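Report on one structure; see the data block that follows.
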Amino acid sequence: MALISNKEMLRRAHDGHYAVGAFNLNNLEWTEYILRAAQDMKSPVIVEVSEAQIEYMCGYQTVRGMVESMMDYLGITVPVALHLDHGSFEGAKRAIEEGYTSVMFDGSHYRFAENIEKSKQIIELAHARGISVECEVGGIGGTEDGKTSGGELADPEECAAIAALGVDSLAAGIGNIHGKYPADWKGLNFERLAEIQSSTNAIPLVLHGGSGIPADQIKKAVSLGVSKINVNTECGIAFSDALKEYYGKKKEEEPKGYDPRVIMSYGMDAVYRMVCGKIQLFGSRDKA
Ligand code: 13P
């Protein structure tokens, strides 16, 4: 099945009161196990890459070719979108040219007027090719790819102005943070989430920093209009913990225990279980 955009996928999720998981790719194995998990759970899925992840995996075309060839090889039939995560202005234009089916333009660090102007240009370019666009208002807290933001609550009026540009989904700060949540984290701000949903005329909302948010808060956020949830950190932790266990049990000393494929599979099985668990929690199981 060919890659599709996020547009229809997220509209359907919004109407059906569930969210589609967007999982970041780090390498070939990550791609394979996320696709397999989505297929086994009969769920739509978004595979996403930041510019730093694209660079790590040798460029836009390498990533796109890998995802497409793998979908073909594995016989993936569930809907899949290839999405640029936190794209810069130039990065988003590049992803549009390179055939990504969805892009995020993150202009949250610009002054608002500039964010609006740049978002508008990306939306025009992308929509002319049937590619969906996600924009961001209000920084998401934490550090990602070396960029740190303190995190802020998005202004519902600013969200309304971006939504009016015709963007397909909106990432808005509601107290969410990339990476691990600190022990004194106050939780998601549902009041602000509801205000944003109402000011934007019910645009599908994107929850970044989806790792480590308690299940009840995830479910409530989805019931209030969150339709896409980004998860990266928890997959990395699952992988790393599994490898700690592998070496803790001295499995590398077993016959073929040193084989990179055996070691990787041990870690990737944990990532597969994590992705399946998130799909179940987000409610997108059997929605393909
Ligand atoms: P986490 O790494 O906190 O799961 O966040 C992922 C994300 O939001 C990617 O944009």
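Note that ligands are numbered from 1 as they come in the structure, with each ligand's atoms numbered from 1 the same way. Count residues from 1 along the sequence. Excluded from the calculations below are hydrogen atoms, water molecules and symmetry mates; all remaining heavy atoms, backbone and side chain alike, are included. Remember, it's a predicted structure, so these values are computed and weren't measured experimentally.
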In ligand 1, which numbered atoms sit nearer than 4.0 Å to a non-hydrogen atom of Asn24? 9 (C)
What atoms of ligand 1 come within less than 4.0 Å of a heavy atom belonging to His86? 10 (O)
Going by atom types only, do His83 and Ser102 share a side-chain donor-acceptor pair under 3.5 Å? yes
In this structure, is the centre-to-centre distance between the rings of Tyr60 and Tyr100 below 6.0 Å? yes
Looking only at heavy atoms, is any part of Glu234 under 4.0 Å from ligand 1, and if so is it the side chain, the backbone, or both, or is it neither? neither
Using a strict cut-off of 4.0 Å, indicate which atoms of ligand 1 neighbour a heavy atom of His208. 8 (O), 10 (O)
Asn6-Glu134 side chain donor-acceptor pair, cut-off 3.5 Å: no
Carefully, step by step, assess Val262 and Tyr246 under the rule side-chain contact (heavy atoms from CB on, under 4.5 Å). CA-CA 10 Å; Val262 175; Tyr246 187 87; 3.7 Å; yes
Any N/O pair His178/ligand 1 closer than 3.5 Å: yes
Heavy-atom contact check, 4.0 Å cutoff: does Glu48 meet ligand 1? yes
Got a salt bridge between Asp168 and Lys7, using NZ or NE/NH1/NH2 to carboxylate O under 4.0 Å? yes
Residue selection (non-hydrogen contact nearest atom 4 (O) of ligand 1) among Ser211, Gly210, Ala171: Ser211
Against heavy atoms of Val231, which atoms of ligand 1 measure under 4.0 Å? 4 (O)
For Glu68, all residues meeting salt bridge (Lys or Arg N to Asp or Glu O under 4.0 Å), sequence neighbours excluded: Arg64
Side-chain donor-acceptor pair present, Tyr266, Glu245, cut-off under 3.5 Å: yes
Please state which part of Asp85 comes within less than 4.0 Å of ligand 1, counting heavy atoms only: side chain, backbone, both or neither. side chain
Judged on heavy-atom distance to atom 8 (O) of ligand 1, which of Gly212, Gly209, Ala22, Ser50 sits nearest? Gly209
